[in-house]
Amino acid sequence: QVHLAESGGGLVQPGGSLRLSCAASGRTFSSTTMGWFRQAPGKERELVAAISWSGGSTLYTDYADSVKGRFTISSDSGKKTVYLQMHSLKADDTAVYYCAAARGFRVGELTAYEYWGQGTQVTVSS
C-alpha cells in the first residue's frame, strides 16, 4: 500500500507562483511514475506532469502542453517527496490538484494510477 499526502495549495494572484508537495509512504516499486493531476469544476481530471524512474534513477519527466515552460515536477533524492513548482499561474490553472502513483515507467493513463492523495485546492484569482 502507498499513502500520498499533498500540501501547498492555496490562493494566488494571476502571474504568481506556488509549490505543491506530495509526501509518499509505504511500499516502493522498482519502476514508478508519480503524477500530478488536476480537476476543475465540470471538467475531467487531467494529467499535468509526471516523473518516472526505474532502478533508483530519475529518468523522465512529462508535461501537459498547457503547462510546459511554467510548471516543473521534481523529487527529492530519496524519491519520497514529489514537488510541482508552478509559475506564471493563470485563472485556468484553478483546480483541485491530486498526486498519484503508478507502477511502471512513463505511465500516462489515469486509470493506471493505483494510489491517490486527497487533493489540494489551487485558486488563481485577483
Side-chain angles (χ1 to χ4, degrees):
Q1 188 71 12
V2 177
H3 179 70
L4 303 173
E6 304 99 333
S7 61
L11 173 64
V12 62
Q13 292 187 343
S17 299
L18 210 57
R19 189 176 81 158
L20 306 182
S21 299
C22 173
S25 60
R27 66 177 301 183
T28 59
F29 310 108
S30 57
S31 291
T32 303
T33 301
M34 296 289 293
W36 282 100
F37 291 77
R38 67 185 180 188
Q39 188 166 20
K43 295 186 177 181
E44 294 185 352
R45 192 170 297 189
E46 62 173 350
L47 180 61
V48 173
I51 185 167
S52 301
W53 54 82
S54 179
S57 300
T58 303
L59 295 179
Y60 215 89
T61 56
D62 291 284
Y63 297 93
D65 288 342
S66 60
V67 305
K68 281 181 181 176
R70 299 189 299 122
F71 291 10
T72 302
I73 189 170
S74 63
S75 67
D76 65 356
S77 58
K79 308 286 193 304
K80 289 296 186 181
T81 303
V82 175
Y83 305 98
L84 185 67
Q85 179 67 55
M86 305 182 291
H87 295 297
S88 302
L89 284 162
K90 308 172 184 179
D92 286 348
D93 296 318
T94 296
V96 177
Y97 284 70
Y98 297 91
C99 175
R103 282 179 271 193
F105 186 66
R106 294 193 71 188
V107 177
E109 290 296 323
L110 182 150
T111 55
Y113 284 80
E114 298 179 61
Y115 307 100
W116 292 83
Q118 80 285 355
T120 185
Q121 176 71 46
V122 172
T123 302
V124 184
S125 175
S126 55

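FYI, side chains are in, hydrogens and waters are out, and symmetry mates aren't considered; it's all heavy atoms of this structure.
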Arg103 CZ to Ser31 OG distance, which is reported to the nearest 0.5 Å: 11.5 Å
Single-linkage hydrophobic cluster, 4.5 Å side-chain cutoff, Phe37 and Leu4 together: no
Side-chain heavy atoms of Cys22 within contact of Met34, under 4.5 Å: yes
Nearest heavy-atom neighbours spanning Tyr98 and Gly119: CD2-CA, 3.5 Å
Atom pair OH/CD1 of Tyr63 and Ile51 - distance to nearest 0.5 Å: 7.0 Å
Shortest non-hydrogen contact from Ala102 toward Ala112: CB-O, 3.5 Å
Nearest-0.5 Å distance that lies between atom CD in Glu114 and atom CD in Gln1: 9.0 Å
Contact check, side chains of Trp116 and Arg45, non-hydrogen atoms, under 4.5 Å: yes
Lys/Arg-Asp/Glu bridge criterion (N-O < 4.0 Å) met for Lys68, Asp65: yes
Option passing side chain to side chain contact (heavy atoms under 4.5 Å, CB included) with Leu20 (candidates Ile73, Val82, Leu84): Leu84
Minimum heavy-atom distance Thr33-Val107, with the two atoms named: OG1-N, 3.2 Å
Atom NZ of Lys90 with >12 non-hydrogen neighbours under 6.0 angstrom: no
Reported OG1-to-OH distance for the pair Thr72 and Tyr83, which is rounded to 0.5 angstrom: 14.0 Å
same_hphob_cluster(Leu110, Val96) at 4.5 Å side-chain heavy-atom cutoff: yes
ILVMFWY network linking Trp36 to Val124, side-chain heavy atoms under 4.5 angstrom: yes
Which atom of Tyr113 lies closest to which atom of Gly35, heavy atoms considered: CE2-N, 3.8 Å
Atom pair OG/CZ of Ser17 and Arg70 - distance to nearest 0.5 Å: 10.5 Å
Contact check, side chains of Val122 and Arg38, non-hydrogen atoms, under 4.5 Å: no
Heavy-atom pair with the smallest gap, counting every atom of Ala40 and Thr94: CB-O, 3.6 Å
Heavy-atom donor-acceptor pair, Ser52 side chain to Phe105 backbone, under 3.5 Å: no
Pairwise distance OG(Ser125) to CG(Asp93) - rounded to 0.5 angstrom: 12.5 Å
Distance-minimising heavy-atom pair for Gly8 and Leu18: O-CG, 3.5 Å
